[in-house]
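See structure below.
In what follows, every heavy atom counts, from backbone to side chain, and hydrogens, waters and symmetry copies are set aside.
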Amino acid sequence: MFSRQCSRLVSSRTAIPLTSFLARGRPFSATATSAYEHILTSTPKPGVGLITLNRPKALNALSSPLFEELNDALTTYDTDKDIGAIVITGSEKAFAAGADIKEMAPLTFSSAYSNNFIAPWSHLANAIRKPVIAAVSGYALGGGCELALMCDIIYCTSTATFGQPEIKLGVIPGAGGSQRLTKAVGKSKAMELILTGKNFSGKEAGEWGVAARVVEGGKDEVVNVAVETAETIAGYSRVAVVAGKEVVNKGYEVGLREGVEFERRLFHGLFGSRDQKIGEFASFFSLEGG
């Protein structure tokens with residue numbers, strides 16, 4: 001396959017983008033691909049898996065049953081060779097308005113600690129290797145804010161509402177909110193938000209670096225932007241995309257020197273991939289033809 005592609009490049013002297021090699025022949029469907037109770041899944045574009053939280057009466061409140069389904073869908077897309085990137089969204093009113101209070105009400109220290117309550121909520125951050133984009137409209141509070149922060153990229157509407165209001169219930173964030181929010185906005189601002197329970201807008205999320213992009217419009221518009229980005233990512237070398245995500249996350253967690261050394265090791269390793277050789281030829285003939 002590789003030799004035929006290179007021969008075609010040499011004979012035509014025409015620039016052929018890397019995405020045309022890597023995404024060719026990948027079927028997709030815009031319809032739901034599985035039956036869950038609390039989420040919907042679909043593939044709206046080639047290489048893109050879309051997960052929609054679907055508890056409208058509870059404003060997509062997060063519960064253990066929902067996360068069981070979410071983790072299953074994430075793992076399914078992560079292991080699917082036809083999927084290159086994943087989008088998570090909610091409804092117009094709520095990405096996720098927080099944790100399910102009914103599930104939390106009967107908890108004691110003993111039951112929460114012994115059962116490691118909400119530990120499975122971190123599956124997205126700990127186990128999923130493909131890029132995940134959050135498309136946020138409406139409320140993203142408490143666990144909803146934490147779920148968005150676990151994603152690799154956040155897009156939101158200007159009227160979205162983020163916050164960690166757990167302090168108002170006599171607890172603190174428990175799914176990484178205190179750590180990831182601090183990384184995003186700095187210690188002082190995170191302290192203010194977490195200790196007062198104050199919300200912040202989608203516009204502020206963009207200004208503070210919590211969101212990569214603020215989209216004017218509603219849920220449909222922000223999902224379209226997220227899917228477009230996911231489709232672009234899915235068109236590139238899968239091994240390079242996974243490596244790119246890995247090195248950024250490593251830099252997020254370690255010091256500069258260790259992060260640069262880790263980056264260099266993966267950079268060197270990618271020269272052994274077939275995708276890199278295809279990209280090298282495509283780039284060469286693009287320059288030759290231009």
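Between Ile194 and Ile167, every side-chain heavy-atom pair lies at or beyond the 4.5 Å cut-off. Under the 4.5 Å side-chain criterion, counting only non-hydrogen atoms from C-beta, Thr41 is not in contact with Thr76. A heavy-atom distance below 4.5 Å is found between the side chains of Tyr155 and Thr229. Two residues are said to be in side-chain contact when any heavy atoms from C-beta on lie closer than 4.5 Å; Ile88 and Leu74 meet this criterion. Between Tyr77 and Thr43 there is a side-chain heavy-atom pair separated by less than 4.5 Å.
The residues Lys203 and Glu207 are annotated as salt-bridged, a charged nitrogen and a carboxylate oxygen being separated by less than 4.0 angstrom.
Atom CD1 of residue Ile172 and atom CD of residue Gln164 lie 10.5 Å apart, to the nearest 0.5 angstrom. Rounded to the nearest 0.5 Å, atoms OG (Ser64) and CD (Glu69) are 12.0 Å apart. Rounding to the nearest 0.5 Å gives a distance of 9.0 Å between OG of Ser137 and CD of Glu221.
Crowding of Glu228 atom CD: a count of heavy atoms from other residues, nucleotides or ligands under 6.0 Å not exceeding 12.
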Item checked: Intermediate values then yes/no, side chain to side chain contact (heavy atoms under 4.5 Å, CB included), Val222 and Val136 -> CA-CA 7 Å; Val222 73; Val136 179; over 6 Å; no
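Screening Asp72, Thr75, Asn71 for a side chain to side chain donor-acceptor pair (under 3.5 Å) involving His123 leaves a single residue, Thr75.
Between the side chain of Glu204 and the backbone N or O of Ser201 there is at least one donor-acceptor pair closer than 3.5 Å. Lys245 contributes no side-chain N or O that, together with a main-chain N or O of Asp152, makes up a donor-acceptor pair within less than 3.5 Å.
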